[in-house]
2 protein chains.
Amino acid sequence: MSIIFSRQCEYAIQAVLYLALKPDKNMISIRELTKQLDIPYHFVAKILQDLTRKGLLVSHKGPAGGFGLGMKAKDITLLQIVEAIDGVSFMNNCVFGFPNCTDEDHCAVHDQWGKIRTKIHEMLANKNILEMAAETKKVQYHSGKQ
Amino acid sequence: MSIIFSRQCEYAIQAVLYLALKPDKNMISIRELTKQLDIPYHFVAKILQDLTRKGLLVSHKGPAGGFGLGMKAKDITLLQIVEAIDGVSFMNNCVFGFPNCTDEDHCAVHDQWGKIRTKIHEMLANKNILEMAAETKKVQYHSGKQ
DNA sequence: TTTTTTTAAGACTAAATTATCCGATATAAA
DNA sequence: TTTATATCGGATAATTTAGTCTTAAAAAAA
């Protein structure tokens, strides 16, 4: 089983995107968000709290409380979310875990993987949540009932 | 924490490469292999047994027994090892786990990730163990004592 | 034939990740 | 002021992945 990003990271991105897709200025509760996205309430609650501590989201307690974006959607990139949750150690580590794999003295796929890795980094850094939302709006939640 | 391949898969590739780098026709014991590569004996034993069942390696019990390549080094690709251990589900799944992410109706990074994923697949499919060994020989085990 | 060496197989343990539960705190509204 | 609704924080449980241990079986050599 190969993965790229942790499940936490997947949920984080889905959640931030969900907040960006909500047109109104009201805060969104964990309950609504996790129900609509069909992801686990308590687990995601922790992730949202984490993103709030790191400034990507804002939160408010009490009735009519919830979460919202901590900055303009166009100022939040995928990279920022990945950095906040998973970190970007994949940018430094050998893809097959070879020891002694450095830029001078390296494994046989080092350069090839280096290029791919750079592409991934660009994808994350260049895609902001506003674009994500715009491109997702039409396709994502059309089967959602109220 | 982001990863691409499981630790099992990393060890598998390192082990197969070690076998390919051994010039002689003798079989290599788990003990030697794991000691030289500094990876866990029992865990790797299981992986080698798995690769043997799948035909990538051959094994022989008893004194002077051990493991060897199950086919010519040039006929073993990285992809075959990854397929045997991790599978290639990353070729099909949405990189951020979005549900409803299909070719027709997809998330905002679907196409971009699709290209990257293809590059990864090419890297794995086009690199065989003979090449790996040739490119690794000079740089990998130069600090090995015995 | 006995001993030694090695893989084979399965049970077991440890650690990391994912997920849940509960009590406290803040806050808006009744 | 009381009540209901949220997040916050810490403990706990479940699952998956990583790693260990022990016994059996095969095979070569003594």
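What's counted below: heavy atoms across the whole structure, side chains too, no hydrogens, waters or symmetry copies. Every chain is numbered from 1 and lettered A, B, ... according to where its sequence line falls, protein lines coming before strand lines.
- With K54(A) contributing its side chain and A84(A) its backbone, the two residues share a donor-acceptor pair below 3.5 Å.
- Remark: P of dT20(D) and NE2 of H42(B) are 7 Å apart, rounded to the nearest angstrom.
- The aromatic rings of F5(A) and F90(A) stand perpendicular to each other, their planes meeting at an angle above 60°, with 30° marking the opposite boundary.
- Applying the 4.0 Å criterion to OP1 and OP2 of dG19(D), one finds that Y11(B) has a side-chain N or O inside that range.
- Whole-Å rounding puts the N26(B) CG to dT5(C) C1' distance at 15 Å.
- Rounded to whole Å, the distance from CG on D38(A) to P on dA19(C) is 11 Å.
- Between the CD atom of Q49(A) and the C1' atom of dA6(D) there is a distance of 11 Å, given to the nearest Å.
- Close to dT5(D), at under 4.0 Å from its OP1 or OP2, lies no side-chain N or O of R31(A).
- Across the protein-nucleic acid pair, F43(A) atom CZ and dT15(D) atom P stand 14 Å apart, rounded to whole Å.
- Once rounded to the nearest 0.5 Å, the distance linking OG1 of T34(A) with CD of Q14(A) reads 12.0 Å.
- Atoms CD (E32(A)) and P (dA6(D)) sit 10 Å apart, rounded to a whole Å.
- Checked against dT7(D), dA19(C), dT20(D), the side chain of R7(A) finds its nearest nucleotide in dA19(C).
- In this structure, of dT7(D), dT20(C), dC21(D), it is dT20(C) that holds the atom nearest to the side chain of K46(A).
- The separation between L57(B) atom CG and dT6(C) atom P is 18 Å, rounded to whole Å.
- Under 4.0 angstrom from either OP1 or OP2 of dG9(D) there lies at least one side-chain N or O belonging to R53(A).
- In this structure, the separation between CD1 on I28(A) and CD on Q36(A) is 10.0 Å, given to the nearest 0.5 Å.
- Taking a 4.0 Å limit (strictly below) on heavy-atom distances, residues 58-71 of chain A reaches DNA chain C at H60(A), K61(A), G62(A), P63(A).
- At the phosphate of dT7(D), OP1 or OP2 sits under 4.0 Å from a side-chain N or O atom of Y41(A).
- S6(B) and D86(B) are linked by a side-chain donor-acceptor pair at a separation below 3.5 angstrom, with hydrogens and angles left out of the test.
- Here the P atom of nucleotide dA18(D) and the CD atom of Q8(B) are 6 Å apart, to the nearest Å.
- As judged by a 4.0 angstrom heavy-atom cut-off over every strand, L48(A) is placed among residues making no nucleic acid contact.
- Below 30°, between 30° and 60°, or above 60°: for H110(A) and H106(A) the angle between ring planes is below 30°, a parallel geometry.
- Remark: R31(A) qualifies as a cation-pi partner of Y41(A) under the 6.0 Å distance and 45° angle criteria applied to the six-membered ring.
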